[in-house]
There are 2 protein chains.
Amino acid sequence: MARVILPGMPETPTPSESASEPTLEEQIAAYQREFRDLDPQVEQVVSALQRLNRRMNVAYGRQTTTLGISNAEWEVLKALVLSGAPYRLGPGELAKRLGLTPAAMTHRIDRMAAEGLVTRERDENNRVRVIVELTDEGREQWLAAMRLATVFEEDLLQDLSTAERHLLGELLTRLLRRVEEAQPDAGGRLTDLD
Amino acid sequence: MARVILPGMPETPTPSESASEPTLEEQIAAYQREFRDLDPQVEQVVSALQRLNRRMNVAYGRQTTTLGISNAEWEVLKALVLSGAPYRLGPGELAKRLGLTPAAMTHRIDRMAAEGLVTRERDENNRVRVIVELTDEGREQWLAAMRLATVFEEDLLQDLSTAERHLLGELLTRLLRRVEEAQPDAGGRLTDLD
DNA sequence: GCGTCGAACTTTAGGGCTGAAGTCTTCGAG
DNA sequence: CTCGAAGACTTCAGCCCTAAAGTTCGACGC
């Protein structure tokens with residue numbers, strides 16, 4: 001880290017030489033070094049958010065893998081369960097909630113139906129529409145995933161007191177409110193993060 | 001959950017009928033309804049984190065698109081700039097930092113070199129190694145992206161006082177520390193989120 | 001009724017990513 | 001000095017997603 005380059009030092013730092021992933025502190029320091037007009041406080045929040053989410057996704061990925069499903073499939077199960085009652089949604093609605101295109105949902109549902117996680121049938125009253133419904137098997141898988149997820153999440157917040165958890169939740173919710181008002185549309189590609 | 005269809009009641013809760021994306025509060029409520037053993041406080045933090053990150057990625061995606069680069073390319077530029085000084089890293093190291101496979105980096109570098117954002121050359125002292133170096137054009141693009149990003153980030157945190165920003169940063173950093181200690185390896189696939 | 005518009009999903013082409021196999025170079029043991 | 005092993009990247013096959021057409025129905029207007 002802190003690769004100090006002195007003028008008279010032809011030691012061209014060979015890449016991939018013990019570079020090692022920078023810590024958050026180092027990253028902030030690097031930002032300040034490379035971009036003066038930067039509020040370190042803001043950057044700390046943003047960078048921490050991004051790194052945190054990346055780690056969480058890795059953790060969730062491991063969990064769903066052990067259950068024999070993909071993270072993508074878990075998202076669909078989640079949306080269906082959270083829709084409540086008969087656990088039914090159309091492909092278009094699912095696509096909107098997950099932030100991907102209808103075409104992607106079509107294929108995803110294909111796979112999940114083949115695995116017995118959901119069923120796909122046409123709406124009787126409107127044959128253009130399709131109804132995706134959670135199967136018992138699918139609900140079972142969601143439950144199993146939830147059980148693993150809650151263990152991880154509880155562990156993640158372990159160092160925080162109840163008051164701190166509450167506070168953190170409040171602050172994040174306020175941030176969320178601000179973005180959701182700014183871009184009311186649910187859609188949008190989700191790409192990678194740092 | 002027998003979906004009773006009464007004759008005079010075509011009011012079949014047709015899916016995709018005004019379902020509309022649930023708010024965070026509704027989502028938490030749904031979780032409690034469907035999964036009893038759940039700490040709503042924990043779930044609020046986790047769900048807010050996930051939704052927040054998704055929105056942020058959408059926003060970043062729009063910004064990089066206006067600059068004519070992809071979010072993926074921005075990540076590479078970021079890693080190179082943050083590495084400091086001569087702005088050089090090997091493909092393997094880059095892959096590790098971005099959390100993707102070396103194969104993916106090879107292709108990404110292909111594209112970016114074709115666009116003049118980076119150069120790719122073999123290391124003189126060790127011909128197995130490859131050096132990816134940021135070009136002036138690449139640095140310029142990174143700067144432009146940073147300028148847009150900081151505006152968005154500042155706006156995101158607008159409702160928070162300085163004290164609150166500091167507090168939020170601290171809390172997030174503590175969470176991050178916990179996960180990074182738990183899974184020291186940087187790697188891991190990054191899939192999608194909710 | 002009938003034609004057109006529009007909505008909801010599916011199909012198709014192309015790009016990016018993963019995992020596994022392949023290539024080239026360096027290093028160490030005999 | 002030569003051979004085997006390990007390391008760093010690249011190539012290849014296959015999967016999933018996006019964007020842009022299709023396809024199929026339902027809703028209106030005349």
Side-chain angles (χ1 to χ4, degrees), chain A residues 14-19 57-58 61-62 64-65 69-76 88-115 118 120-132 187-193, chain B residues 10 12 14-19 57-58 61-62 64-65 69-76 88-115 118 120-132 187-193:
Chain A
T14 310
S16 75
E17 152 214 298
S18 79
N57 287 332
V58 171
R62 287 190 189 146
T64 51
T65 298
I69 64 177
S70 72
N71 243 354
E73 290 171 333
W74 185 35
E75 296 297 328
V76 177
R88 300 169 158 214
L89 286 175
E93 182 61 27
L94 277 170
K96 219 180 337 179
R97 298 198 185 192
L98 300 196
L100 33 79
T101 63
M105 268 319 300
T106 293
H107 299 311
R108 224 182 246 199
I109 292 167
D110 284 346
R111 299 190 292 272
M112 293 182 69
E115 295 169 29
V118 301
R120 186 219 309 255
E121 55 188 79
R122 303 208 83 92
D123 187 330
E124 310 249 322
N125 309 62
N126 185 337
R127 293 233 276 288
V128 179
R129 289 195 164 140
V130 171
I131 299 179
V132 178
R189 238 61 50 245
L190 25 152
T191 57
D192 34 11
L193 29 152
Chain B
T12 306
T14 309
S16 76
E17 153 216 299
S18 79
N57 287 332
V58 171
R62 287 193 189 143
T64 52
T65 297
I69 64 177
S70 73
N71 244 353
E73 290 171 333
W74 184 34
E75 296 297 328
V76 177
R88 299 169 160 218
L89 286 175
E93 182 60 27
L94 277 169
K96 221 180 336 179
R97 297 198 184 192
L98 300 196
L100 34 80
T101 63
M105 268 320 298
T106 293
H107 299 310
R108 221 182 247 198
I109 292 168
D110 284 347
R111 300 189 293 273
M112 293 182 68
E115 295 170 28
V118 300
R120 187 220 308 258
E121 55 188 77
R122 301 208 85 92
D123 187 332
E124 309 252 323
N125 310 61
N126 185 339
R127 294 232 279 285
V128 178
R129 289 194 167 141
V130 171
I131 299 179
V132 177
R189 238 60 50 247
L190 26 152
T191 58
D192 35 13
L193 29 152

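Reminder, nothing fancy here: chain letters follow the sequence lines and each chain counts from 1.
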Closest approach to the side chain of [X], judged atom by atom: which nucleotide of [options] is it?
X	options	result
A/Leu100	D/dC17, D/dT11, C/dA8	D/dC17
B/Thr106	C/dC17, D/dT11, C/dT10	D/dT11
A/Ala72	D/dC17, C/dC9, D/dT11	D/dC17
A/Thr101	D/dT18, D/dT10, C/dT10	D/dT18

Would you tabulate the pairs of protein nitrogen or oxygen atoms and nucleotide nitrogen or oxygen atoms of nucleotides 23-26 of chain D closer than 3.5 angstrom?
residue, atom, partner, partner atom, Å
D/dG26, OP1, A/Arg127, N, 3.1

Who passes side chain to side chain contact (heavy atoms under 4.5 Å, CB included) against A/Ala103, sequence neighbours left out?
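Side chain to side chain contact (heavy atoms under 4.5 Å, CB included) check on A/Ala103 returns A/Thr101.
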Who pairs with A/Arg111 by side chain to side chain contact (heavy atoms under 4.5 Å, CB included), at least two apart in sequence or on another chain?
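For A/Arg111, the residues satisfying side chain to side chain contact (heavy atoms under 4.5 Å, CB included) (neighbours in sequence not counted) are A/His107, A/Arg108, A/Glu115.
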By the 4.0 Å heavy-atom rule, please label B/Pro91 as base, sugar-phosphate, or nothing.
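The answer is sugar-phosphate, as B/Pro91 gets under 4.0 Å only of primed atoms, P, OP1 or OP2.
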How many whole angstroms separate atom [atom1] of [X] from atom [atom2] of [N]?
X	N	atom1	atom2	result
B/Glu121	D/dC9	CD	P	13 Å
A/Leu98	D/dT18	CG	P	10 Å
B/Glu93	D/dA8	CD	P	10 Å
B/Glu73	C/dC17	CD	P	10 Å
B/Asn57	D/dT18	CG	C1'	17 Å
B/Asn71	D/dC17	CG	P	18 Å
A/His107	D/dC17	NE2	C1'	8 Å
B/Asp110	C/dG16	CG	C1'	12 Å

Test your reading of the model: is there a side-chain donor-acceptor pair from A/Glu93 to the backbone of A/Gly90, 3.5 Å cut-off?
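Such a contact is absent between A/Glu93 side chain and A/Gly90 backbone.
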With respect to the phosphate group of [N], does any side-chain polar atom (N or O) of [X] fall under 4.0 Å of OP1 or OP2?
X	N	value
A/Arg108	D/dC17	yes
A/Arg111	D/dC16	yes
B/Arg122	C/dT26	no

With the side chain counted from C-beta on, respond yes when B/Pro91 and B/Val132 share a heavy-atom pair under 4.5 Å apart, and no when they do not.
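Yes; the side chains approach each other to less than 4.5 Å.
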Could you tell me the separation between the [atom1] atom of [X] and the [atom2] atom of [Y], rounded to the nearest 0.5 Å?
X	Y	atom1	atom2	result
B/Arg122	B/Ile131	CZ	CD1	10.5 Å
B/Thr65	B/Asn71	OG1	CG	7.0 Å
B/Glu73	B/Thr64	CD	OG1	9.0 Å

Report the residue (A/Arg120 or B/Met105) whose heavy-atom-nearest nucleotide on DNA chain C is the more 5′ of the two.
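Between the two, 5'-proximity favours A/Arg120.
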